[in-house]
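Structure first, then comments.
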Amino acid sequence: MQTKRMTFSSRWLPYVLLTPQVVITLVFFVWPASQALWQSMLRQDPFGLRTTFVWFRNFERLFDDPTYLASMKATAIFSVSTTILGMGTALLLATMVNRMMRSRDAYTTFLVWPYAVAPAVAGVLWWFIFNPTVGILPYALQSLGIDWNHRLDGTDAMILVVIAAAWKQVSYNFLFFLAGLQSIPQSLLEAAAIDGASRTKRFWTIVFPLLSPTTFFLMVVNVVYAMFDTFGVIHATTEGGPGQSTSIMVYKVFRDGFVGNNLGSSAAQSVVLMAIVVVLTVIQFRWIERRVNY
């Protein structure tokens, strides 16, 4: 089989076509990343009048700081919980909608709407729903003997932000899972049904393995979303409290940099956060992708 090779009449045309993407990458990724790395090695006095180059002392202080280690733990719990809840709920809804013969388009439209809601607005909505004073869910939980108060209980606050963040991402996951389910040949499921396989067995032995490329893609996207794009949810619901129990790493970058005015530490935290996401992405593509069936 011969590979068709594209040729250009002008030797400069390929470079011209690549220039916009290269410029965007340099301006919006390479330059900010290099600035953050340089800022992470600086330390300013409280008045911002003097800057000292301190090498890696900001990073050393970070890993000696109990509050930063606590934020890393909170980030791990939050990211894993948000990814599992968001993807699990989306897969369940997509499976149910895929079986519908009528009103499928209407259900799909309604389920996609939450994705248009801004993260901060989603946080405010769930803050009202779980508000211990006026919220309907704390009232219902109280009738069951559960005292809900995310202002005082760190576990309740973590549950609140996980639900709000996952709800915001369910629509995105749902669309991809539904598209993946609709691309599975029905002949495979019909053959398995004729062989006597139950609906549950057909799902776990045929449907779910064929969804592995979609699942892998969404897992990467959801981890990045939970670690970067959930600042608005945290800020609108708990502001990192109570007792910094929901202060994930991206929110601590904001608190230390823009509220505490400690730019060196904030830049060092952003570099660590970027490094963690890069390492997780590499691990996912190198080891987890091997088990994906294309």
Side-chain angles (χ1 to χ4, degrees), residues 67-68 70-90 93 110-142 146-175 218 221-263 265-266 269-270 272-274 276-277:
T67 60
Y68 184 70
S71 71
M72 295 181 71
K73 180 181 178 181
T75 303
I77 296 173
F78 174 75
S79 301
V80 173
S81 302
T82 301
T83 300
I84 293 176
L85 181 61
M87 293 182 62
T89 305
L93 294 174
F110 288 133
L111 288 172
V112 169
W113 278 359
Y115 189 66
V117 178
V121 176
V124 171
L125 290 175
W126 285 98
W127 181 86
F128 274 108
I129 294 176
F130 279 100
N131 188 281
T133 304
V134 299
I136 186 173
L137 285 183
Y139 178 79
L141 293 174
Q142 188 175 10
I146 301 175
D147 187 16
W148 174 277
N149 193 336
H150 64 268
R151 298 172 179 172
L152 302 176
D153 193 304
T155 302
D156 292 347
M158 180 60 72
I159 293 174
L160 169 60
V161 295
V162 167
I163 292 176
W167 176 81
K168 174 70 176 64
Q169 194 70 1
V170 164
S171 300
Y172 183 88
N173 300 333
F174 166 79
L175 287 176
L218 290 177
V221 171
N222 279 260
V223 169
V224 175
Y225 159 78
M227 299 190 73
F228 279 101
D229 296 340
T230 52
F231 166 82
V233 174
I234 301 292
H235 191 61
T237 52
T238 63
E239 294 185 350
Q244 306 300 314
S245 59
T246 58
S247 181
I248 62 176
M249 296 173 68
V250 67
Y251 192 76
K252 197 171 189 309
V253 170
F254 161 77
R255 293 284 298 181
D256 290 354
F258 293 92
V259 179
N261 202 27
N262 191 349
L263 299 180
S265 177
S266 177
Q269 294 176 42
S270 65
V272 172
L273 180 60
M274 180 179 64
I276 291 175
V277 173

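Remember, predicted model here, so these are calculated numbers, not experimental data.
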Next on the checklist: Going by the rule side chain to side chain contact (heavy atoms under 4.5 Å, CB included), which residues pair with V223 if we only count those two or more places apart in sequence or in a different chain?
Outcome noted: T83, M227, L280, Q284

Item to check | D256: side-chain hydrogen bond (donor to acceptor under 3.5 Å, both in side chains) partners, not counting sequence neighbours | outcome: K252, Q269

Next on the checklist: Going by the rule ring-ring contact (aromatic ring centres under 6.0 Å, His included), which residues pair with Y172 if we only count those two or more places apart in sequence or in a different chain?
Outcome noted: Y115, F176

Checklist outcome for this item: Tightest non-hydrogen contact, residues A226 and I248, listed as O-CD1, 4.1 Å

Donor-acceptor contacts, no H, no angles, side chain residues 153-163, under 3.5 Å, sequence neighbours left out:
residue: D153; atom: OD1; partner: T155; partner atom: N; Å: 2.8
residue: D153; atom: OD1; partner: D156; partner atom: N; Å: 3.2
residue: D156; atom: OD2; partner: N149; partner atom: N; Å: 3.2

Item to check | Heavy atoms of other groups near F228 CZ, more than 12 under 6.0 Å | outcome: yes

Checklist entry - What pairs meet the side chain to side chain donor-acceptor pair (under 3.5 Å) rule with one or both residues in residues 223-235, with sequence neighbours excluded? => result H235-Y251

Checklist entry - Considering residues at least two apart in sequence or located in another chain, which fulfil the side chain to side chain contact (heavy atoms under 4.5 Å, CB included) criterion with L93? => result T89, L111, V170, F174

Donor-acceptor pairs under 3.5 Å, side chain of residues 130-138 to any protein atom, not counting sequence neighbours: which ones?
residue: N131; atom: OD1; partner: T133; partner atom: N; Å: 2.8
residue: N131; atom: OD1; partner: V134; partner atom: N; Å: 3.2

Next on the checklist: Please enumerate all residues that pass side-chain hydrogen bond (donor to acceptor under 3.5 Å, both in side chains) together with T238, with sequence neighbours excluded.
Outcome noted: T246

Checklist outcome for this item: With sequence neighbours left out, the residues meeting side chain to side chain contact (heavy atoms under 4.5 Å, CB included) with I84 are V80

Item to check | Side-chain donor or acceptor of S266 paired with backbone N/O of L263 under 3.5 Å | outcome: no

